[in-house]
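To start, the structure under review is shown below, and the notes come after it.
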Amino acid sequence: MEFATKTIHAGQPSEPETGSLIAPIFATSTYEQAAPGVHRGYDYSRTNNPTRARLECVLAELEGVEHAALFASGLAAENAVLQAYLRPGDEIVIPLDVYGGTYRILNRVFQQYGCVIRQIDIGAPGQLDAALSSKTRLVWIESPTNPRLLIYDIAAVARATHAAGALLVVDNTFATPLFQQPFTLGADIVVHSVTKYLGGHSDLVQGAVLARDPAVFEPVKFLQNATGAIPSPFDCWLTLRGLKTLELRMQRHADNAEAIARALESHRIVRRVYFPGLPAHPGHEIAKRQMTGFGGMVSFELDGTVDEVVSFVSSRRFFALGESLGGVKALVCHPARMTHASIPPEERAKLGLSDTLVRLSPGCEHPRDLVADLVEGLDAVARAREGVAAGAPVAVGA
Ligand SMILES: *Cc1c(COP(=O)(O)O)cnc(C)c1O
């Protein structure tokens with residue numbers, strides 16, 4: 001079955017009792033049993049729910065594995081993996097560029113429990129091998145990363161991780177299973193913030209954990225029930241609905257991102273554009289090898305002041321200023337003040353996360369409107385600056 005067909009058909013037969021084409025929302029907490037302990041696979045909705053089970057089945061199919069567990073948020077999903085695998089004294093290796101919430105849960109929660117976090121420049125030669133030891137339980141990467149869209153060679157990281165006897169977790173939120181299949185590259189566990197592209201409409205918060213090996217999956221599945229951070233049947237139904245257009249949406253997101261990256265690249269007040277589809281991007285060759293599309297996100301450094309960035313991101317017509325990404329409606333974000341504000345400024349500088357970085361999540365709007373909105377905003381910043389400079393004794397335009 002091809003990808004787009006799976007999003008519509010996998011795990012979603014018409015409902016047997018009525019023929020309802022679309023899976024209903026099983027809004028129930030419990031299930032009638034024929035005799036004590038005799039039931040049809042469902043005994044309590046924290047443990048299992050038919051709407052959730054359908055969604056878990058589709059997600060597993062999309063990532064090409066057998067096992068998926070859904071959680072109330074991406075971070076609840078991450079928490080389950082970390083709780084399942086980290087004990088006091090255990091080590092986890094993460095790259096410099098990591099989702100702010102992942103950084104926070106590790107440094108503010110799991111460090112307190114005695115876990116050791118080794119944050120390294122994972123793409124730099126020799127660094128990963130030097131950081132791995134017999135105490136390493138997990139290596140955790142995203143690719144493309146948030147917010148700079150760096151690309152890591154997943155297969156190479158998997159080989160090094162396995163040689164050290166650790167497990168590789170890949171956060172596949174940015175690429176989605178359409179553009180990247182981490183299990184075929186050696187990942188042991190994949191996590192998703194379903195909130196983003198999988199849900200795709202900015203109308204829910206949800207997370208998922210997937211695994212190929214049942215023994216690797218089991219401790220996470222246990223924690224889904226034992227700690228109970230499950231999504232509601234309604235939210236699962238929304239995701240089932242959103243997923244049906246995943247391929248269509250991702251293609252438009254990716255086309256929009258590419259058009260925007262090219263337009264930004266030639267603008268005079270843009271210092272640097274981060275988009276793996278640009279040949280100048282340092283990860284372009286690896287991205288071409290391990291992805292089938294470059295994703296829908298674009299970041300750039302504005303060649304200007306933080307005040308100019310604030311003014312630019314606050315006054316776009318189509319890019320709403322907000323956290324999150326991956327919805328049909330475009331979003332813009334200022335990571336230093338928003339998604340990555342929980343990382344102290346000196347740490348941000350060390351991570352190469354500039355205060356003038358802007359992150360864009362183009363939606364499914366028409367590319368002409370999105371590009372025009374951005375160029376207009378950048379032109380306005382440039383004009384305002386040149387207007388100020390024109391009043392000064394030194395001529396501009398040189
Ligand atoms: C948003 C996000 C998360 C966290 O997911 P929530 O659903 O917000 O809890 C994790 N990883 C990445 C890459 C994200 O973008």
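Only this structure's heavy atoms are used, side chains among them; waters, hydrogens and symmetry mates stay out. Please read these numbers as outputs of a predicted model, since none were measured by experiment. Atoms within a ligand are numbered from 1 in the order they appear, just like the ligands themselves. By convention here, the first residue in the shown sequence is residue 1.
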| task | On the 0 to 90° scale, with breaks at 30° and 60°, tag the Phe294-Phe275 ring pair as parallel, tilted or perpendicular. | result | perpendicular
| query | Between Glu258 and Arg262, does a salt bridge (Lys or Arg N to Asp or Glu O under 4.0 Å) hold up when you go through it step by step? | reply | CA-CA 6 Å; Glu258 179 141 9; Arg262 291 192 188 283; 3.0 Å; yes
| query | Side chains of Arg359 and Leu325: closer than 4.5 Å at any heavy-atom pair? | reply | yes
| field | salt bridge (Lys or Arg N to Asp or Glu O under 4.0 Å) between Arg272 and Glu301, worked out | value | CA-CA 5 Å; Arg272 185 156 178 200; Glu301 267 168 45; 5.4 Å; no
| query | Is Lys288 salt-bridged to Glu285, cutoff N-O under 4.0 Å? | reply | yes
For ligand 1, find each of its N or O atoms that sits under 3.5 Å from a protein N or O atom, and tabulate the pairs with distances to one decimal place.
residue, atom, partner, partner atom, Å
ligand 1, 5 (O), Ser193, OG, 2.9
ligand 1, 7 (O), Gly74, N, 2.8
ligand 1, 7 (O), Ser193, OG, 2.8
ligand 1, 7 (O), Thr195, OG1, 2.6
ligand 1, 9 (O), Gly74, N, 3.0
ligand 1, 9 (O), Leu75, N, 2.9
ligand 1, 11 (N), Asp171, OD2, 2.6
ligand 1, 15 (O), Lys196, NZ, 2.7

| said: Taking the basic N atoms (NZ, or NE/NH1/NH2) and the acidic carboxylate oxygens, is any pair closer than 4.0 Å for Arg317 and Asp369? | reply: no
